[in-house]
Amino acid sequence: MVLRDGTGYLQGVLSRKDLPEATWERFGTLTQETSVRLEGTVRADARAPGGYEMHVADLEVLGSCPDFPIQPKEHGTQYLFEHRHLWLRSRRQVAIARVRHEVVQGIRDFFYDRAFTLVDTPILTGSIGEQAGELFSTDYFDLGKAYLAQTGQLYVEAAAAALGKVYCFGPTFRAEKSKTRRHLTEFWMVEPEVAFNDSSDNMRLQEEFVRYLVGRVLERRSEELKELERDPTPLERVRAPFHRISYSDAVTQLKDLGSDMIWGSDLGGDDETLLAQQYDRPLFVYNYPKGVKAFYMKENPDDPQTVLNNDCLAPEGYGEIIGGSQREDDHDRLLARILEQGLDPKAYAWYLDLRKYGTFVHSGFGLGVERTVAWICGAPHIRETIAFPRQIHRLYP
Ligand code: 4AD
Ligand code: MG
């Protein structure tokens, strides 16, 4: 039988002649996922998976397991997600959880080692961070509506003025109607913000960060990647420099590739996939049209129709894993953008203060943990990369 204790897998060997009759009979009643306590001798054996096996001398059943709902056969996706609480025990899900864990630890170590300060930003907020149409709201005492944070960015901008290099890392919420393989309604995002970094510095930091995370998984989680049947070759190619292409050049290239994309619209998922397929490692697309991006991005002084931002597109069809930008640091321009987008300037008075009291060039970005883990694992859908995914049609379990 195969044993799992949270540290790994071990083959248990029982031989009838060495066991008391009652123990042998108990062995006969075991079913998949029964919880047991064992005594025996662990021996090295080159033929055993993992190089060791346990010769069992005694066996106690702690929790029987009649008819475990997930059997070693094909189950539909819907069924598996209904049984997510049990499906988590399968080898593939265990491997994904460990890769995610490595990525999360890598995020913390990367920023700690570079003297960034972690600042925890609120989840209940009074202003819109990204997209008005994609907010979850809740009643908040006498103050009207509170929104679940779509981003911690505006708050880390305030913290960057105090601490220089900062980041926040937590769950964010978007009431997106998208049912794609890249969207969840609750996902984890890490958002560094750096005083005095411009847009080019920002891309260099992203490059170093993504390379570090991928390298760390390759180095420490190769067993898990093997379990996932993930070919490491494309991941080994993730080295600086990443390719850089302006939005305008990306549109030209996409048109040449047969896309009906026009200048001024955002890149759709299919466009991102098509574009990224032309390159052998992650790709930065920079300076998007102002009209499709958030109010806080800095206008490009060389071309006011665009902003100083970038997306980072993962290869192999995984699309955008990072969105980042230099921030509008001029008070009047920022106020104009807030008004233009129909946002309430009162809710942003504190954010505008940052431009009134000692403004400075600064930049930052947000990396989505689930999209990054899906890419590294080669998982077809990001919902497998979080223990209990939240989607429009999923709130259970
Ligand atoms: O591009 P986004 O919307 O950027 C921001 O939120 C900025 N405030 C970040 C910053 O500059 N501090 O989101 C950043 C990343 C995306 O690239 C993607 O990886 C992930 O967050 N993301 C999602 N992941 C899963 N499901 C969704 N619905 C997501 N929306 C964004
Ligand atoms: Mg984005």
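Atoms within a ligand are numbered from 1 in the order they appear, just like the ligands themselves. A quick note: this is a predicted structure, and the numbers were derived from the prediction, not measured.
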statement: Here the N/O/S atom of Glu320 closest to the Mg ion (ligand 2) would be OE2

message: Give the residues near ligand 1 by chain and number, with the criterion being a heavy-atom distance under 4.0 Å.
response: Glu130, Thr151, Gln153, Arg174, Glu176, Arg182, His183, Leu184, Phe187, Met189, Glu191, Tyr296, Glu320, Ile321, Ile322, Gly323, Arg327, Gly364, Phe365, Gly366, Gly368, Arg371, Ile382

field: Parallel, tilted or perpendicular: rings of Trp263 and Tyr247 (30°, 60°)
entry: perpendicular

message: Using the ring centroid of each side chain, check whether Phe110 and Phe116 are separated by less than 6.0 Å.
response: no

field: Arg216/Glu102 salt bridge by N-O under 4.0 Å criterion
entry: yes

query: Salt-bridged, Glu340 to Arg337, with N to O below 4.0 Å?
result: yes

field: Distance flag, aromatic centroids of Phe295 and Tyr348, threshold under 6.0 Å
entry: yes

query: How about Asn202 and Ser199: does a side-chain donor come under 3.5 Å of a side-chain acceptor?
result: no

